[in-house]
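Working notes, beginning with the structure itself.
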Amino acid sequence: MITIENTLFSIDQICESGQCFRLRPLENGRYCLTALGRYLEIEQIDDAVTFFCSQEEFEEIWKNYFDLDTDYQSYLSFASAGGPYLCEAAAFGKGIRILRQDLWEMTISFIISQQNNIKRIRKCIHTLCERYGEKKSSPNGTAYYDFPTAAALAAASEEDLRACNLGYRSRYIRDTAHLVQNREIPWDSLHGMHYPEAKEALMKLPGVGTKVADCICLFGLHHLEAFPIDTHIRQVLERHYPDGFPYESFPGFAGILQQYIFYYDLKSKDA
DNA sequence: TCCCAGGATTCAT
DNA sequence: ATGAATCATGGG
């Protein structure tokens with residue numbers, strides 16, 4: 001295990017910000033995460049964050065996954081350019097980070113997210129992993145499931161997927177899996193593309209429109225300029241930025257501010 | 001019973 | 001180029 005000190009890291013805020021659906025709290029106060037084919041437990045006490053893995057695994061995998069080499073204070077300092085509302089939002093969620101998650105997992109996860117709520121999105125993804133992901137065991141013996149591969153989902157029928165309570169999104173997922181599996185989309189090239197062309201390519205996938213493509217770009221390709229506009233963000237923009245959001249004040253990283261806003265709006269409503 | 005949830009697609013005008 | 005209807009499922 002390895003412990004770091006970081007005032008701008010909150011595993012709870014990251015979990016609750018709705019960007020990572022397979023990060024969840026355990027009974028004992030820790031959090032567990034299944035990602036990149038691995039299982040990880042995390043514990044945070046104030047600014048001290050403990051990763052229950054070897055130092056090598058932390059350095060090679062999780063340090064990058066949690067974007068720990070990035071100085072988020074420099075992003076937070078821009079919040080004032082968005083007025084008092086953005087200042088409040090940024091102060092409220094200053095422990096949030098944009099994780100560097102897997103592209104395929106983000107694609108399927110955010111196809112599922114459409115017209116859906118976060119609790120049920122988590123449940124759908126969990127079911128999908130249980131039924132179509134490879135079962136593994138962590139070093140300490142905890143069983144977990146990988147996120148299903150494109151091949152595994154392409155092999156499923158639409159009826160099988162509907163049995164996972166995915167609803168009308170079942171066909172989107174099946175067809176998307178087929179497109180990727182059959183190389184009908186330049187999948188491996190996506191990582192090398194800039195934001196506009198990556199977004200355009202992703203929108204060729206069934207079930208991927210403007211908003212979902214932006215989420216995939218932000219969380220799966222780490223394009224920080226992607227600014228997903230969902231129902232929450234749309235309402236905030238209408239209410240607090242009637243003359244337009246000052247995107248130009250956050251060149252190349254408006255997506256980070258989007259996450260502060262999303263989390264702030266989400267948490268201000270669940271009382 | 002109706003409405004909403006990190007929308008996208010299709011079809012109408 | 002906009003706008004309404006439709007798409008499953010579960011929770012309030």
Side-chain angles (χ1 to χ4, degrees), chain A residues 13-24 89 92-93 96-99 101-131 153 156-180 185 198-241 245 254-271:
Chain A
Q13 291 182 3
I14 292 170
C15 182
E16 293 293 312
S17 67
Q19 59 173 300
C20 183
F21 302 108
R22 300 180 66 203
L23 170 63
R24 61 180 175 84
F92 185 78
I96 293 174
R97 285 165 175 267
I98 308 295
L99 305 187
Q101 300 186 71
D102 176 73
L103 175 60
W104 171 248
E105 179 172 339
M106 290 302 95
T107 300
I108 298 303
S109 295
F110 279 96
I111 286 176
I112 292 173
S113 80
Q114 66 179 220
Q115 199 61 27
N116 209 338
N117 61 68
I118 294 180
K119 182 175 297 183
R120 206 169 80 85
I121 295 167
R122 287 179 178 278
K123 184 178 294 184
C124 289
I125 292 173
H126 179 71
T127 303
L128 209 54
C129 291
E130 273 189 335
R131 299 194 187 179
L153 293 183
S157 70
E158 186 181 335
E159 293 71 34
D160 293 337
L161 295 173
R162 279 183 185 269
C164 297
N165 296 322
L166 298 171
Y168 68 91
R169 309 166 194 83
S170 302
R171 180 171 15 181
Y172 294 155
I173 292 169
R174 193 187 72 84
D175 291 347
T176 290
H178 274 275
L179 283 180
V180 173
I185 190 101
K199 180 175 178 178
E200 183 181 359
L202 286 167
M203 287 179 66
K204 291 177 181 173
L205 296 170
V208 178
T210 311
K211 188 268 173 183
V212 169
D214 275 329
C215 284
I216 300 170
C217 284
L218 183 56
F219 305 124
L221 292 171
H222 208 70
H223 285 307
L224 301 181
E225 70 234 74
F227 192 93
I229 298 179
D230 69 346
T231 55
H232 296 273
I233 299 297
R234 189 175 303 282
Q235 288 178 29
V236 169
L237 293 186
E238 290 174 1
R239 173 113 166 69
H240 297 279
Y241 300 92
F245 188 76
I256 295 183
L257 289 310
Q258 189 271 4
Q259 272 306 99
Y260 295 138
I261 295 173
F262 178 80
Y263 175 71
Y264 186 48
D265 185 67
L266 194 67
K267 286 302 161 186
S268 66
K269 290 178 178 175
D270 66 13

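All values below were derived from every heavy atom in this structure, side-chain atoms included, with hydrogens, water molecules and symmetry-related copies excluded. To find a chain, count down the sequence lines: A is the first, B the second, and so on, and within it residues start at 1. What you see is a predicted model; the values in this text were computed from it and never measured.
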- Item | Length of the line joining A:I261:CD1 and B:dG6:C1', which is rounded to integer Å | 14 Å

- Message: Any base atoms under 4.0 Å from A:S17, or only sugar-phosphate, or nothing? Heavy atoms, all strands.
- Response: base

- How long is the line joining CZ of A:R174 and P of B:dA8, in whole Å? 21 Å

- Between SG on residue A:C215 and CG on residue A:L202, distance to nearest 0.5 Å: 11.5 Å

- Quick one: does A:D265's side chain get under 4.5 Å of A:F92's, heavy atoms only? no

- Query: What integer distance in Å separates A:L266:CG from B:dA5:C1'?
  - Reply: 11 Å

Protein-nucleic acid N or O pairs under 3.5 Å, nucleotides 8-12 of chain C:
residue : atom : partner : partner atom : Å
C:dA8   : OP1  : A:R162  : NH1          : 2.9
C:dA8   : OP1  : A:R162  : NH2          : 2.7
C:dA8   : O4'  : A:Y168  : N            : 3.1
C:dT9   : O2   : A:R120  : NE           : 3.2
C:dT9   : O2   : A:R120  : NH2          : 3.3

- Of A:T127, A:I111, A:I173, which meets side chain to side chain contact (heavy atoms under 4.5 Å, CB included) against A:L166? A:I173

- Note on the structure: In whole angstroms, the gap separating C1' of B:dA5 from CZ of A:F262 amounts to 10 Å

- Integer angstrom distance from the P of C:dC7 to that of B:dG6: 22 Å

- Query: Between A:L179 and A:D175, is any pair of side-chain heavy atoms under 4.5 Å apart?
  - Reply: no

- Message: Under 4.0 Å, counting only non-hydrogen atoms across every strand here, what does A:G18 touch: a base, just sugar-phosphate, or nothing?
- Response: base

- Task: May I ask which nucleotide in the shown strands pairs with C:dA8, Watson-Crick or G-U wobble, both distances under 3.5 Å?
- Result: none

- Query: Is the shortest distance from a Lys or Arg side-chain nitrogen in A:R162 or A:E158 to a carboxylate oxygen in the other one below 4.0 Å?
  - Reply: yes

- Query: How far, in whole Å, is C:dG10 from B:dA8 if one measures between their P atoms?
  - Reply: 22 Å

- Task: Name the residue closer to the 5' end of DNA chain B, choosing between A:M203 and A:I229 according to the nucleotide with the nearest heavy atom.
- Result: A:I229

- Message: Distance check, P atoms only: B:dC3 and C:dA4, in whole angstrom units.
- Response: 16 Å

- Check every strand shown and say whether A:T210 touches a base, only sugar-phosphate, or nothing at a heavy-atom separation below 4.0 Å. sugar-phosphate

- Task: Please check the phosphate of B:dG7 (OP1 and OP2 only) for any side-chain N or O of A:T231 closer than 4.0 Å.
- Result: yes

- Would you mind reading off the distance between A:L202 atom CG and B:dG7 atom C1', rounded to a whole angstrom? 16 Å

- Is the centre of the A:F227 ring less than 6.0 Å from the centre of the A:F262 ring? no

- Query: Can you tell me how far P of B:dA5 sits from CG of A:D230, to the nearest Å?
  - Reply: 9 Å

- Query: So what does A:L205 hit on the nucleic acid, given a heavy-atom distance under 4.0 Å: a base, only sugar-phosphate, or nothing?
  - Reply: sugar-phosphate

- Interatomic distance where CD1 belongs to A:I112 and P belongs to B:dA8 [whole Å]: 14 Å

- Item | Length of the line joining A:D175:CG and C:dC7:P, which is rounded to integer Å | 18 Å

- Task: Side-chain contact test, heavy atoms from C-beta onward, threshold under 4.5 Å: evaluate it for A:I185 versus A:K204 and give yes or no.
- Result: yes

- Task: May I have the step-by-step check of side-chain contact (heavy atoms from CB on, under 4.5 Å) for A:I229 and A:K211, ending in yes or no?
- Result: CA-CA 6 Å; A:I229 298 179; A:K211 188 268 173 183; 5.6 Å; no

- Message: Would A:Y172 count as stacking on B:dA8 if stacking means ring centres less than 5.5 angstrom apart and planes tilted under 30 degrees?
- Response: no

